[in-house]
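Counting begins at 1 with the first residue of the sequence.
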Amino acid sequence: MKKLICTLLAALLVVTGFCFAEPAASDTIVIGITGDATYLEPNAPAIGGTEIHVCEQIYEGLVKMSDDNVSVEPNLATDWTVSEDGLTYTFNLIPGLVFSDGTPVTGEDWVWSLYRARDTETSEYAFIAEIIDTVEATDEQVVITLKSATSSFLAQLCSFNMVLGCKAYAESMTEDEYIQNPMGTGPYRLKEWSRGNYILLEKNPNYRDPDSVKTPYVKFQVVSDDNTRLMQLQSGQIDIMGDVPASLMDVVRNTEGLQLEVYASTQIRYLLLNTTMEPFNDPAVRTALNYGLNKAEMAEVVYGEFGEPVASVLSQAHEKYYNTDLEVIPYEPETAKQMLADAGYPDGINFTLSVSAGNEVYQQIAILMQASLAPAGFNVTIEQVESATLYSNAQALAVQACMFQWSDDYYDPSEVIGWITDYDQSSAWFTGLNDTELDDYQAAALIEQDEATRIEMYKDIQQRIYDNSNVIPLFHNSFAYGYADSISGLHVSAFNDYFCKTIEKAE
């Protein structure tokens, strides 16, 4: 009987295919996104930009990054203290918290949620929570004890996966059902998910600060092609378009009724080389390819004044941790060609570069890469793949080379460095390079208490990744968003976060 009840509950929860009355246009912010979500739970097996943007409207954590992105502020916790040894964090909670269905939040929910962030084996972001030793909680307080003291823990708690979920709700269904049917304490909750078309969120009727939510509905509309997204923005079918490439910026600027806003960012575009496949299992080939990449041209053509070639995998926003000794490898195709010959490839190399179909930015980068690598001895075949499929294939180490972007979730170098070096979580960001010494070194850097030593350790790690050439940073770019004149209150952080409750749409 219990199984039958859970099955019926799941059937009600999976809203795909159900028809709801369309909300009024003035009550709905429509955001054009390039690809659908696979799951809508922060610790699911595959989490990308779409999933994070949607989940951030639904789920909340103890703390959050400040609007200026440089400090940690209360969120579901009102305040906190840290023990003298740096191991125990005690958080006082906002009283009377409830989930979006009205269920009261309990201490048991906090314990379950934080252990879930740490222990979910299929999560690619469990490394962020692995520093947690124990969690104890009441309805008024959460006490977290760490395995080792680390100065980055409060920042780590700002990550999108360190959030509160409802234990009883999750246990009422299977894991697969749960990760497709989100429920949190945030300003919005899931209303409808039409797979491949849109995700519709509605205002949480039980949100603790209902007056702060300016718009009743938010619709994430899937429009995979950038040019089509722009046409829909121009025609009013969507209200907001992110990731506007330089080639389309002037069109947005010159279209009556539209605005273009460019925000500072931590975003870098990367080339990922699969070291479990030929030819990129050979480090000499990876190094040679680096000399065949015209990064300056890519940055200029794709993002104009808002793009800049980079040498390190770490954003310069991390300031003291950023390794300024690294230099962008110059474009020297003849050097690359000779390096290939020396490595045993006098006739050059053929490989396939898999890119997201319809994404103007990656289409442009791929074409420029193909052209710059040709005189370097690399014959590149460009394969266009739907974005969710590309992520899945890359995750499974089933592509030779691909490109993704990264923007940090908090100001500490441990996140992106951990993502690139922690083999168990992400196969060294889908490259399959199991550099155990580097992995151990980054784990030590995470808990290093002496600031000067920690800074030097992270600079060493950047150098090692630079030399490995499995994850090759191409260029940094600002975030460019186009939106209708009727939209106000949009703010995009340096981490590419935006919180829809502040966005309004004039009638």
Derivation and outcome, side-chain contact (heavy atoms from CB on, under 4.5 Å), residues K214 and I503
CA-CA 6 Å; K214 304 302 182 185; I503 306 174; over 6 Å; no
side-chain contact (heavy atoms from CB on, under 4.5 Å) between T453 and E456, intermediate numbers included
CA-CA 5 Å; T453 302; E456 290 308 310; 5.9 Å; no
Evaluate the criterion side-chain hydrogen bond (donor to acceptor under 3.5 Å, both in side chains) for residue pair E136 and Q141; output intermediate values, then yes/no.
CA-CA 8 Å; E136 300 176 66; Q141 202 171 68; over 6 Å; no
Apply side-chain hydrogen bond (donor to acceptor under 3.5 Å, both in side chains) to T174 and D176, showing your working.
CA-CA 5 Å; T174 66; D176 191 57; 5.6 Å; no
Evaluate the side-chain contact (heavy atoms from CB on, under 4.5 Å) criterion for residues I268 and F475: first the C-alpha distance (whole Å), next the side-chain angles of each, then the deciding distance (0.1 Å), finally the verdict.
CA-CA 6 Å; I268 296 175; F475 61 87; over 6 Å; no
Test log, rule side-chain hydrogen bond (donor to acceptor under 3.5 Å, both in side chains), inputs S224 and T34:
CA-CA 4 Å; S224 59; T34 58; over 6 Å; no
Using the side-chain contact (heavy atoms from CB on, under 4.5 Å) rule, take L146 and F153 through it: C-alpha gap first, then chi angles, then the decisive distance, then the call.
CA-CA 9 Å; L146 308 183; F153 183 62; 3.7 Å; yes
Pair Y125-F160, ring-ring contact (aromatic ring centres under 6.0 Å, His included): steps then yes or no
CA-CA 9 Å; Y125 293 89; F160 66 88; 4.9 Å; yes
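Using a 3.5 Å distance cut-off with no hydrogens or angles, the side chains of N359 and S356 do not pair a donor with an acceptor. Donor-acceptor pairing under 3.5 Å is lacking for the side chains of T122 and T120. A donor and an acceptor atom, one from each side chain of D101 and N206, are nowhere located under 3.5 Å apart.
Between the side chain of T502 and the backbone N or O of G489, at least one donor-acceptor pair lies under 3.5 Å. Judged by distance alone, with hydrogens and angles left aside, the side-chain atoms of S427 form no donor-acceptor pair with the main-chain N or O of D424 at under 3.5 Å. Of the possible donor and acceptor atoms, none in the side chain of S66 sits under 3.5 Å from a partner among the backbone N and O of E73. Listed for the T266 side chain is a donor-acceptor partner under 3.5 Å among the backbone atoms of D408. Counting only distance, with no hydrogens or angles, the side chain of T78 and the backbone of N92 share a donor-acceptor pair below 3.5 Å. Between the side chain of D109 and the main chain of T106, a donor-acceptor pair closer than 3.5 Å is present. A donor-acceptor distance shorter than 3.5 angstrom exists from the side chain of N181 to the backbone of E177, with no hydrogens or angles considered. With N274 contributing its side chain and L397 its backbone, the two residues share a donor-acceptor pair below 3.5 Å. For the pair R454 (side chain) and A445 (backbone), a donor-acceptor distance under 3.5 Å is present. Put simply, the side chain of S312 never gets that close to the backbone of Q462: no donor and acceptor are under 3.5 Å apart.
For the ring pair (Phe, Tyr, Trp, His ring centres under 6.0 Å) with Y270, the qualifying choice from W406, W429, Y362 is W429, the only one to do so.
Residues R118 and E130 are not paired through a salt bridge, judged by the lack of any N-O separation under 4.0 Å between the basic side chain and the carboxylate. Between E192 and K219 there is no salt bridge, since no side-chain nitrogen of the basic residue lies less than 4.0 Å from a carboxylate oxygen of the acidic one. Under 4.0 Å is where a charged nitrogen must lie from a carboxylate oxygen, and between D36 and R195 no such pair does. A salt bridge does not link D467 to R464: none of the charged nitrogens lies less than 4.0 Å from a carboxylate oxygen. The residues R116 and E41 are annotated as salt-bridged, a charged nitrogen and a carboxylate oxygen being separated by less than 4.0 angstrom. With salt bridges taken as basic N to acidic carboxylate O contacts below 4.0 Å, one links R269 and D243.
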N/O donor-acceptor pairs under 3.5 Å from side chains in residues 51-59, not counting sequence neighbours:
unit_1 : atom_1 : unit_2 : atom_2 : d
E51    : OE1    : G48    : N      : 2.9
E51    : OE2    : T38    : N      : 2.7
Q57    : OE1    : C500   : N      : 2.9
Q57    : NE2    : H53    : O      : 2.8
Q57    : NE2    : Y498   : O      : 3.0
Y59    : OH     : M183   : N      : 3.4

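Side-chain contact check for L190 versus I199: some heavy-atom pair is nearer than 4.5 Å. Proximity of T103 to V98: side-chain heavy atoms (C-beta onward) are nowhere separated by under 4.5 Å. Side-chain contact between M403 and L353: present, with at least one pair of heavy atoms (C-beta onward) separated by less than 4.5 Å. Side-chain contact between V471 and T431 is present, with at least one heavy-atom pair separated by less than 4.5 Å. Counting heavy atoms from C-beta outward, L76 and T185 have side chains that approach closer than 4.5 Å. Counting heavy atoms from C-beta on, the side chains of D27 and Y217 come closer than 4.5 Å. Between E415 and I128, the closest side-chain pair of non-hydrogen atoms falls below 4.5 Å. Looking at heavy atoms from C-beta onward, I465 lies in side-chain contact with L438 at the 4.5 angstrom threshold.
The aromatic rings of F91 and Y89 lie parallel to each other, their planes meeting at an angle below 30°, with 60° marking the opposite boundary. Using a 30° and 60° split on the angle between ring planes, H318 and Y411 fall in the perpendicular class, above 60°.
Taking CD of Q156 as the reference point, atom CG of D412 lies at 6.5 Å (rounded to 0.5 Å). Atom CZ of F495 and atom OG of S159 lie 11.0 Å apart (nearest 0.5 Å). Note: N470 CG to T275 OG1 = 6.5 Å, rounded to the nearest 0.5 Å. To the nearest 0.5 Å, atoms OG1 (T215) and CG (L201) are separated by 12.0 Å. Between F127 atom CZ and I417 atom CD1 the span is 10.5 Å, to the nearest 0.5 Å. Atom NZ of K459 and atom CG of L314 lie 11.0 Å apart (nearest 0.5 Å).
Crowding of Q449 atom CD: a count of heavy atoms from other residues, nucleotides or ligands under 6.0 Å exceeding 12. More than 12 heavy atoms of other residues, nucleotides or ligands sit less than 6.0 Å from atom CD of Q463.
Among all heavy-atom pairs drawn from G32 and I238, the shortest one is CA-CD1, 3.9 Å. F280 and R286 make their closest contact through O-NH1, 2.8 Å (heavy atoms, listed as atom of the first residue, atom of the second, distance). In terms of heavy atoms, C158 sits closest to Y410 at CB-CB, 4.3 Å. In terms of heavy-atom proximity, Y115 sits nearest to T134 at OH-CA, 3.3 Å.
Under the 6.0 Å cut-off for aromatic ring centres, Y321 and Y458 qualify, their centroids lying closer than that. Aromatic ring centroids of Y169 and F99 lie 6.0 Å or more apart. Ring to ring, Y188 and Y207 are not that close: their centroids are 6.0 angstrom or more apart.
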